[in-house]
Structures are given as C-alpha cells and as structure tokens.
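Structure record follows, encoded as structure tokens.
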Amino acid sequence: MLQRDYTTSQLDVLEAEAIHIMREVAAEFERPCLLFSGGKDSIVMLRIAEKAFWPAPIPFPLMHVDTGHNFDEVIEFRDRRTAELGARLIVASVQESIDQGRVVEQTGRRASRNRLQTTTLLDAIEAHEFDAVFGGARRDEEKARAKERVFSFRDDFGQWDPKNQRPELWNLYNARIRKGEHIRVFPLSNWTELDVWDYIRREGIEIPSIYFAHTRKVFERDGMLLPDADVVQRGDDEPLFEAVVRYRTVGDMTCTGAVQSPATTVEEIIEEIAVTRITERGATRADDRSSEAAMEDRKREGYF
C-alpha cells in the first residue's frame, strides 16, 4: 500500500508563516520597505520576499541604515546582492545625520554610532513616507525583543510602547494606522538563530565571508574580541593579537565582537550553535551591555 507523508517540517511552517506575513503587508499597506543590512537575518528575509512574490519582483524597496562603520565584507555583499535582484536600495546615512546636526557623535574609547541609527531611521521613514517597515529581529535574541508582536505599532514619533501593542490571536494582524504612524513588521519573530542557519543550509543561500572562521587582528575588551580598525578606538592596555574568529552577528564594528571559532562551513556553524547557551547578542554586542534595559530603552526611542 502506498504510504504518504503529510508531515510538515519546522522550517516549512516558519517559512509559510513569514510568507503569509509579507503578503499581508503588501496587501494592507501603501508604502512598505524591507531593512536589508547584508546580515544573515535580513538575507533570509530577502529570500522569503523573493518566494512570497515570485515570479514578480519584490514590490517594495530595501533600506539600510548605514553607520559608516560597517564591515567591508558586509557592505560589498549588500550592494552585490541588491544589484543581482535589480532591487531599489535606499541607504540612510548616519554620517549625513551628523553633518546635518541631527545627532551628535560620541567621543572616547567606547564611542559608537549604533544608537545614532534611531534618528537616521526615523528621518528616513518620514522622508519616504513608509507606513510599514520589515525588520529581521527575532524573539530569541534579547528579552526586550521577546515582548514584540509580529506587527509592532509605532506612534507618530516613531516610538514603541510595549504596553500599547495589539493582540494577535489566531495570527490575525491589525494594520490600521493614522497618518504619521507606522508598523514595524517582524516575519522572523518565531525563528531562532539555529532556524536561520538551518534555512540558509537548506536553501543554499550565500552569506558574507565574515560569518566563517578567518584570521583577523583583534583585541579584547570586556570579554569581547573587537576588530583592529581605524574607527575603533583602542587603548594602550588593549594589545592586538591574531586569532581565528568568525562573527555570529554583524553591525557597527565599534560594538560588534567576534567569537573564536574554527567553523568554516554552514554545517560546522550549525553544530557550534546547537550546543551554545549564550545568545548571539549577549555574546557579541557591546551596545546591549550598557545597562540591564539597554535594548528596551533604545526600542522605546524608535530603534529596532
């Protein structure tokens, strides 16, 4: 007798949910956009957007909030990938925000432009009149992000109030907003870091080389390995040394640490992540360590 297997894999369920969310946004909103930094989560979102609207092109632009202090490998990948897709890429520049006096750059050894991204992001949303913005945040990353809905309401100042979010019973999403308000949309909310890597493996998705083990000059600060770069201020008590490292998450190099790792393939990365007990942001993002509620404070101001 012919046996049929009607079971659905975890990745199939997550993918179907994300595709449904993207199609819902395209149907309900006039001017959505997708944040694309060239990092692994935004790369997965981009693949899902391709699948959601194939064979038509992706029906919204991509946007990157660029601090000017990003890793060269990631920026090269961002530009090449968007060119391959023929997608429209909007680059919102933190440097321009500084030049225009919209934000003031920090100084000192621990200076970072990461927090300055909020103003640049909100200005870009207003300038382009975006009413929905896709982000790759996941609930497993950090406790403030665990409070997020899939459709995260932002008021006309771009701010987030975790007590003023809408119920999403039975995966029904409330897209109603007034002029000036917008929705942040998180299609990967229910994914984990391991799910993201499993999907990259299954789909054969290309990712920047920085995610794989390579030899790099680094120095240690607060238990993190920061890169040797002109924009990263290093003290005399922070000697450089060479190490075989890779990056679990990518962003502004002034606050993004590497981890020592021999993993040179996606399969080896998956094996590594499967046994770790520290989240990627907890292990490698200095900006999340500034206070117990650092991420939530930034999210209330308008950050992702």
Exercise for the section: List the steps, then state whether side-chain contact (heavy atoms from CB on, under 4.5 Å) holds for I90 with F130. Expected result: CA-CA 12 Å; I90 298 167; F130 292 134; 3.6 Å; yes
Exercise for the section: Please lay out, stage by stage, how T120 and D123 fare under the test side chain to side chain donor-acceptor pair (under 3.5 Å). Expected result: CA-CA 5 Å; T120 306; D123 286 350; over 6 Å; no
Problem - Derivation and outcome, salt bridge (charged side-chain N to carboxylate O under 4.0 Å, His left out), residues D131 and R154 - result: CA-CA 10 Å; D131 51 5; R154 303 300 170 109; over 6 Å; no
Exercise for the section: I would like to know whether R216 and E73 meet salt bridge (charged side-chain N to carboxylate O under 4.0 Å, His left out); could you show each step before the answer? Expected result: CA-CA 13 Å; R216 184 182 289 261; E73 302 96 319; 2.8 Å; yes
Handout entry: Stepwise salt bridge (charged side-chain N to carboxylate O under 4.0 Å, His left out) test for E203 and K51
Key = CA-CA 11 Å; E203 298 290 308; K51 287 192 169 188; 3.0 Å; yes
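With values rounded to the nearest 0.5 angstrom, Q117 atom CD is found 11.5 Å from L122 atom CG. Atom CG in N174 sits 9.5 Å away from atom CZ in F153 (nearest 0.5 Å). Here the CZ-CD distance, from F186 to E148, works out to 4.5 Å after rounding to the nearest 0.5 Å.
Taking 4.0 Å as the cut-off between side-chain N and carboxylate O, D41 and R138 count as a salt-bridged pair. Salt-bridge formation is not detected for the pair E272/R248: no Lys NZ or Arg NE/NH1/NH2 atom is positioned less than 4.0 Å from an Asp or Glu carboxylate oxygen.
In the hydrophobic clustering of ILVMFWY residues, with side-chain heavy atoms under 4.5 Å counting as a link, L226 and V245 come out apart.
Among all heavy-atom pairs drawn from P57 and F53, the shortest one is O-CB, 4.1 Å.
Remark: the S93 side chain and the D66 side chain contain no N/O donor-acceptor pair separated by less than 3.5 Å. With hydrogens and angles left out, the side-chain atoms of T119 and S97 include no donor and acceptor closer than 3.5 Å. The closest side-chain donor-acceptor pair between R78 and H64 falls under 3.5 angstrom. For the residue pair Q95 and R113, a side-chain donor N or O sits within less than 3.5 Å of a side-chain acceptor on the partner. Side chains of N114 and S112: no donor on one and acceptor on the other come within 3.5 Å.
In this structure, W197 has its ring center under 6.0 Å from that of Y211.
Qualifying side chain to side chain contact (heavy atoms under 4.5 Å, CB included) partners for R80, counting only residues two or more places apart in sequence or in other chains: E76, F77, E84, E206.
Atom CG of D237 has more than 12 heavy atoms from other residues, nucleotides or ligands within 6.0 Å. Within a 6.0 Å radius of CZ in R109, more than 12 heavy atoms belonging to other residues, nucleotides or ligands are found.
Residue pairs meeting the salt bridge (charged side-chain N to carboxylate O under 4.0 Å, His left out) criterion with at least one member in residues 157-176, sequence neighbours excluded, do not occur.
Ring geometry for Y247 against H214 counts as parallel: the plane angle stays under 30°, on a 0 to 90° scale with 60° as the upper cut.
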